2 protein chains.
Amino acid sequence: MVKERVTVIDIARAAGVSKSTVSLVLQGSSLVNEATRAKVNAAIRDLGYVYNRGAANLRQAKSKIIGIVVNDLTNSFFAELAVGVDAVVQSAGFVQFLANTGEKIERQREVVASMREHGVSGLIVSPARGTEATDLAPLVESGIPVVLVVRDIAGAEVSSLTSDNHAGAMAAVRHLIERGHQRIAFLGGFPDTAVFEARMRGYRDALIEAGLPVSEALIIGSAPSRAGGVTAVEQAMMLADRPTAALCFNDAVAFGVCDGLRARRLEPGADFAVIGFDDVIEAKTAVPALTTVSVDPQGMGQRAAELLLKQIKAGKAEPEAIVGSVRLVVRQSCGAAVERKREVLA
Amino acid sequence: MVKERVTVIDIARAAGVSKSTVSLVLQGSSLVNEATRAKVNAAIRDLGYVYNRGAANLRQAKSKIIGIVVNDLTNSFFAELAVGVDAVVQSAGFVQFLANTGEKIERQREVVASMREHGVSGLIVSPARGTEATDLAPLVESGIPVVLVVRDIAGAEVSSLTSDNHAGAMAAVRHLIERGHQRIAFLGGFPDTAVFEARMRGYRDALIEAGLPVSEALIIGSAPSRAGGVTAVEQAMMLADRPTAALCFNDAVAFGVCDGLRARRLEPGADFAVIGFDDVIEAKTAVPALTTVSVDPQGMGQRAAELLLKQIKAGKAEPEAIVGSVRLVVRQSCGAAVERKREVLA
DNA sequence: TGACGAAATTGGAACGTTCCAATTATGAAA
DNA sequence: TTTCATAATTGGAACGTTCCAATTTCGTCA
C-alpha cells in the first residue's frame with residue numbers, strides 16, 4: 001500500500017541520465033539541453049516523484065521555511081496579521097510554521113526552539129508579554145533573522161515593525177475633543193505593555209494639549225478582549241463623574257465596550273462615543289461602524305514578511321526599526337453619523 | 001558572526017564519546033550509562049548545540065510536522081479551529097504548517113504540494129469549495145493520513161470530522177417554532193456546499209415536521225460572512241411577508257444579520273429572533289448574546305488533531321467518518337431574555 | 001582465574017539531495 | 001581533418017542524523 005519513495009535516482013534511471021542532470025532540471029538550470037529536460041520532466045510526472053526538501057536543506061543549509069509566532073490567534077488582529085504574512089510568504093515559495101503562545105512565555109520558548117530545530121530561515125514574532133532581550137539572544141547569535149511585530153523589545157538587536165501608537169491615540173482623542181467631549185476615558189489593555197504605555201501617553205498628551213485635566217480614574221485597564229471591554233466600561237460607568245466618550249485599547253475592547261453600553265441601554269455612537277484601535281475587518285461592518293485608528297493588521301503582516309524575506313536574502317542585515325504610520329478612520333461609533341433620540345440617556 | 005553549525009560529531013569530540021552515543025542520549029535511550037549521559041548533556045549545553053530535525057527525518061522518514069489548511073483564517077471559526085489543532089499538536093511535540101487558501105482551489109493545490117515536499121506526516125484540511133475526491137487521491141496513495149474537517153468530500157477515502165448540521169439546524173428551528181414563530185428564514189451561506197445543504201435540510205425538515213409551509217423565498221444565500229449577513233437580511237426584509245425569525249448559516253452571518261436589523265431600527269432578540277451556528281467565542285459576549293448551535297470549533301480542532309495523530313502513529317488506519325454532536329445554546333438573540341419595548345417595530 | 005551474559009559503546013553505511021571538478025559531446029574556425 | 005571553445009553531462013563527496021551489527025567493558029559466578 002505504502003509505495004516506495006521515488007527519488008532523483010529513480011528518475012535518472014527512467015530518463016536515462018545521471019542524477020546530477022535531474023538535479024539540474026529540478027532547479028531550472030539553463031545548462032541542460034531542452035530535449036533532456038523534457039525527458040526528465042516526463043519521468044518525473046510518470047513516476048509521481050515528489051521533491052524532498054528536507055534532503056535538499058541538509059545539503060544547502062537554506063530552508064524555505066519561516067516561523068511566525070503570535071500571542072492569540074483567536075484575536076482577529078493576529079489572525080489577520082498571520083494571513084498577511086502567509087500571503088507574501090506563500091508567493092515567495094516559502095511555507096510558514098504558525099504557533100500560538102497564548103501569551104505564555106514558556107510556550108514561546110518551546111515553539112521558538114522547535115522552529116530552530118526545524119531549520120526555519122527566519123522568524124516573525126509578536127512577543128509574549130514579559131519577553132526580554134535575552135530571550136532572543138541565542139536566536140540572533142545563530143544568525144537567524146528575526147522581525148518583531150506589534151511589540152518592540154528594548155535592547156533586542158533585531159528588526160521591529162510597530163505602529164505609531166502615540167500619534168494614533170492623540171489623533172483619536174483630538175477628534176473626540178473637537179466633537180465637544182470633555183470627560184474621555186481610556187479603556188482596556190494590560191497596563192504593563194509597551195503598546196498600552198504608548199497609546200495611553202498619546203491619550204494623555206492630547207488631553208494636556210487641549211488643557212483638559214487627566215484623571216487617573218478614567219484610565220481603566222483590562223484584558224485586551226471583548227470581555228475585558230465589557231468590564232472596563234462597567235467600571236467606568238460606576239464613576240460619579242461619568243465619561244461621555246472613550247478611546248479603547250483595541251477594537252476587541254471597543255466592541256466589548258459597545259456591548260457593555262447596550263447592556264445599560266446606552267446606544268454606542270449616539271449616547272456615548274467609542275473609538276477603537278487596529279481597524280480589524282469587522283470594524284467596518286459592525287453596527288454602529290467602528291471609528292478606529294487603522295493599523296491595517298494584514299498590511300502589517302505583509303510588510304513584516306517582506307522585511308524578513310529581504311533580510312533572509314541579504315544574509316545578514318542591519319536591524320531596522322520601522323514604525324508604521326497610522327490613521328484615524330472616522331465611522332459611526334464616535335457619534336459622527338445619524339442623530340438619534342436621546343431620551344434613553346440615564 | 002554567523003557561527004559554524006555544531007553537530008553531534010562536535011559534541012562527541014567534546015564529551016569524549018562516539019557520535020552514536022550522542023545520538024543515543026539525544027533520543028533518551030536507556031542503553032547509555034548515567035555518567036556518560038551527563039557528560040554529553042553538559043557538552044550539548046556548553047557548545048549550544050541545536051538538533052537538526054531535517055537530517056534526522058532524512059534518515060528515519062518520519063517528520064514531526066503536520067499541515068493544516070483552512071479556507072479563511074480571518075473567520076474566527078477557522079482561527080479557533082487552528083488554535084485547537086495547535087494545542088494538541090504542540091504538546092505531542094509536533095509543529096504545524098498553517099496555510100490559508102482563501103477558498104481558492106489552486107492555492108490549495110499549491111500548499112498541499114508544498115507540504116508534501118516538506119514531508120509532513122499528516123494533514124488536516126478544511127477543503128476549499130469545489131474540492132473533489134480526485135484532488136486528494138495522490139495524497140492518500142502516498143500513504144499520508146488526511147483528516148477532513150468541517151466539510152466532507154464524497155468518495156474521498158480519508159477520515160473526516162464534521163458536525164451534525166442537520167440535527168443542529170432542526171433543533172434551532174424547533175426552538176423558534178416553540179416560541180411561536182411561523183415565518184422563519186434561513187439566511188446566508190453558499191448554496192453549493194454540503195454544509196449549507198445539511199443545515200438547510202434540517203431547517204426544512206423542522207418546518208415540515210411542524211406542519212409549516214416551506215417558502216423558497218425565505219431561503220437566502222450569501223457569502224458566509226458578516227457582510228453577507230447584512231445583505232441577506234436586507235433582502236429578507238424586503239419581502240412582502242416578512243419573516244420574524246431567522247436561522248443563520250453561521251455566527252458570522254448571524255452577527256451581520258444583527259447589524260442589518262439595527263440598521264433598520266430593529267433590535268435583534270426583541271424585534272426579531274436570530275439564531276447562529278458554530279458558537280464562536282464572541283457569541284457569548286456579544287449583545288445580545290447570540291443563541292447558536294454550538295459546534296465548538298476549538299474542540300473540533302483538538303479532536304481532528306487527535307484523530308490525525310492516532311492515524312500517524314498507527315501507520316495506516318482505516319478512514320473513519322466522525323460526525324460530532326452539536327447542541328443548541330440558548331442565549332438572548334432568539335428572544336429568550338428580557339422583555340423589551342416594542343414601539344420601534346416598523 | 002576463566003568464562004559468560006549483560007550492559008555500554010562504537011564504526012560505518014544509509015537517507016535524498018546539491019555541488020564541485022572532471023569528463024564528454026558538439027560545432028565552428030582554421 | 002585538426003583544434004578549441006563552449007555546451008552538456010557526470011561521478012563522487014558531502015550535509016547531520018539514525019540504525020545495524022559488531023565490539024568492548026563490566027560484573028558475577030563457577
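Proteins get letters first, then strands, A, B, ... in listed order; numbering begins at 1 in each. This one's a predicted model, so the numbers in the text were calculated from it and none came from an experiment.
- Under the 4.5 Å side-chain criterion, counting only non-hydrogen atoms from C-beta, Met115(B) is not in contact with His118(B).
- Taking the C1' atoms of five terminal pairs at each end of the helix from dT1(C)-dA30(D) to dA30(C)-dT1(D), the two resulting helix axes are inclined by 60°, rounded to 10°.
- Annotation for Glu157(A): atom CD does not count as buried by contact number, only 12 or fewer foreign heavy atoms lying within 6.0 Å.
- At dT9(C), none of the side-chain N or O atoms of Thr21(B) fall inside 4.0 Å of OP1 or OP2 (strictly under the cut-off).
- Applying the ring-ring contact (aromatic ring centres under 6.0 Å, His included) criterion to Tyr49(A), with sequence neighbours excluded, gives no partner residue.
- Salt bridge absent: Lys64(B) and Glu117(A) never bring a charged side-chain N and a carboxylate O closer than 4.0 Å.
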Subject >> Contact state string [nucleotides 15-28 of chain C, B base, S sugar-phosphate only, - no protein heavy atom under 4.0 Å] >> reply: BBBBB---------
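- Checked options Lys310(B), Glu320(B), Gln311(B), Glu318(B); the residue passing with Ser159(B) is Gln311(B) (criterion: side-chain hydrogen bond (donor to acceptor under 3.5 Å, both in side chains)).
- Under 4.0 Å is where a charged nitrogen must lie from a carboxylate oxygen, and between Arg151(B) and Glu103(B) at least one such pair does.
- Partner Val85(A) forms a side chain to side chain contact (heavy atoms under 4.5 Å, CB included) with one of Met300(A), Gln96(A), Glu80(A), Glu306(A) and no other, that one being Gln96(A).
- For the pair Thr36(B) and dT9(C), the criterion of a side-chain N or O lying under 4.0 Å from OP1 or OP2 is met.
- The distance between atom CD of Glu34(B) and atom P of dT9(C), rounded to the nearest whole Å, is 10 Å.
- What separates CZ of Arg13(B) from P of dT10(C) is a distance of 14 Å, to the nearest Å.
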**OP:** Starting from the C-alpha separation in whole Å, work towards a yes-or-no answer on side-chain hydrogen bond (donor to acceptor under 3.5 Å, both in side chains) for Thr21(B) and Ser18(B).
**Re:** CA-CA 5 Å; Thr21(B) 306; Ser18(B) 77; 3.3 Å; yes
